[in-house]
Amino acid sequence: MKKSWKALLADLLGGGILVLLVFGILAVLALVSGTLMGFLGFRYESFGSLLLYFLFVLLTGLPLDLVASALPRSLVFLKRLSPGAGLILFVVLDILSTVLPMSLGDVLMEHVSASATSILVVALLCTVTSIKEFQEKLRRDQERPL
C-alpha cells in the first residue's frame, strides 16, 4: 500500500515536533540540573555543551537505570532477597547508574567539568525521588502470583 505525499509529510512533521518536544524537555532539565550542580562545582562552557552532556548521560545511563530497577525487583520476586534487601540493592545500583554515566561524561567531554560532589548530590537526589516508585512496583510484583 502506497502512502500519499501528504501522509508522509504529516508523519515527518509529527516526528519532528515530537523530537523538538523531547529536546525542549531535555533542555529545561539540563538547565535546572546544571544550575543546581553549578553550586557544587559543575562548570560548562556553553549551553550546547551542557545539553550534550545531559543527552550523553541520559543515553548511556538509561540501560544501567533499567538494570538497577529490574534486578532487585526480580530477585525479590524470586524470593532471593527480602524486600528490604531489594530496596538497599536498588538504592546502591541506582546511585551507581547515575554516577557512572556522569563521571564518564566528565572524562570524555573537555567543555564540561563535573565535581565528584555535584555528581554524588545529583545521584542521591535522583535516587531519593525514585524510591517510592520502586517500592510501589515491588508491592505490585508481590501481589502477582509466580
Side-chain angles (χ1 to χ4, degrees), residues 3 5 7-142 144 146:
K3 274 192 165 185
W5 284 102
L8 183 61
L9 185 62
D11 289 346
L12 288 174
L13 184 62
I17 290 172
L18 184 63
V19 167
L20 286 176
L21 183 64
V22 168
F23 272 107
I25 292 170
L26 179 64
V28 170
L29 290 174
L31 194 57
V32 169
S33 299
T35 302
L36 172 69
M37 291 174 68
F39 293 120
L40 302 167
F42 180 75
R43 301 287 176 252
Y44 55 94
E45 289 185 10
S46 67
F47 182 70
S49 62
L50 174 71
L51 189 60
L52 185 62
Y53 175 76
F54 280 102
L55 182 64
F56 175 81
V57 169
L58 175 72
L59 293 176
T60 56
L62 183 62
L64 295 173
D65 194 43
L66 292 173
V67 170
S69 177
L71 181 64
R73 285 177 53 205
S74 299
L75 291 174
V76 170
F77 184 74
L78 295 172
K79 304 213 185 303
R80 301 279 194 248
L81 288 177
S82 69
L87 180 63
I88 292 170
L89 180 61
F90 167 74
V91 168
V92 170
L93 291 177
D94 196 55
I95 289 172
L96 287 174
S97 73
T98 305
V99 167
L100 291 176
M102 288 185 136
S103 298
L104 184 62
D106 177 44
V107 169
L108 295 177
M109 300 175 82
E110 65 184 47
H111 299 291
V112 174
S113 173
S115 68
T117 305
S118 65
I119 291 173
L120 190 57
V121 166
V122 168
L124 289 172
L125 287 175
C126 289
T127 300
V128 166
T129 60
S130 60
I131 287 176
K132 185 176 180 182
E133 179 185 351
F134 178 77
Q135 288 175 324
E136 289 174 6
K137 287 180 181 179
L138 266 183
R139 194 172 10 263
R140 279 192 308 244
D141 289 344
Q142 289 174 340
R144 237 182 329 165
L146 186 64

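Counting from 1, the numbers follow the sequence of the chain as shown.
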Hey, is the main chain of Y44 close enough, under 3.5 Å, to the side chain of S49 for a donor-acceptor pair?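 No, the answer is negative, given that no donor and acceptor are paired below the 3.5 Å cut-off.
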
Set of side-chain hydrogen bond (donor to acceptor under 3.5 Å, both in side chains) partners for [X], sequence neighbours left out:
X    : result
E110 : none
T35  : none
E45  : H111

Considering all heavy atoms, the nearest [X]-[Y] contact:
X    : Y    : value
G61  : P101 : CA-CG, 3.5 Å
A114 : M37  : CB-CE, 4.3 Å
F134 : P72  : CZ-CB, 3.7 Å
L81  : A85  : CD2-CB, 4.0 Å
F47  : A27  : CZ-CB, 3.7 Å
D106 : V112 : OD1-O, 3.5 Å

Greater than 12 external heavy atoms within 6.0 Å of F23's CZ: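 Check fails, neighbour count at 12 or below.
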
Pick from I25, V32, L31: which one makes a side-chain contact (heavy atoms from CB on, under 4.5 Å) with L29?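 Going through I25, V32, L31 one by one, the side-chain contact (heavy atoms from CB on, under 4.5 Å) with L29 is satisfied by I25 alone.
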
Taking only residues at least two apart or on different chains, which pairs with a member in residues 12-25 satisfy salt bridge (charged side-chain N to carboxylate O under 4.0 Å, His left out)?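 Those involving residues 12-25 do not exist here.
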
Taking the side chain as C-beta and beyond, is there a heavy-atom pair between F54 and M102 under 4.5 Å?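 Yes, at least one pair of side-chain atoms sits under 4.5 Å.
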
Measuring only between side-chain heavy atoms, which start at C-beta, is L100 closer than 4.5 Å to L104?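 They are not in contact (no side-chain heavy atoms under 4.5 Å apart), so the answer is no.
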
Does anything in residues 51-73 form a side-chain hydrogen bond (donor to acceptor under 3.5 Å, both in side chains)? List the pairs, not counting sequence neighbours.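 Residue pairs passing side-chain hydrogen bond (donor to acceptor under 3.5 Å, both in side chains), neighbours aside: R73-D141.
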
Table please: side-chain donor-acceptor pairs of residues 88-97 below 3.5 Å, with sequence neighbours left out.
from, atom 1, to, atom 2, distance (Å)
D94, OD2, T127, OG1, 2.9
D94, OD2, S130, OG, 3.3
S97, OG, L93, O, 3.4
S97, OG, D94, O, 2.9

May I ask you to decide whether K137 forms a salt bridge with E133, counting only side-chain N to carboxylate O separations under 4.0 Å?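 Yes, this pair counts.
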
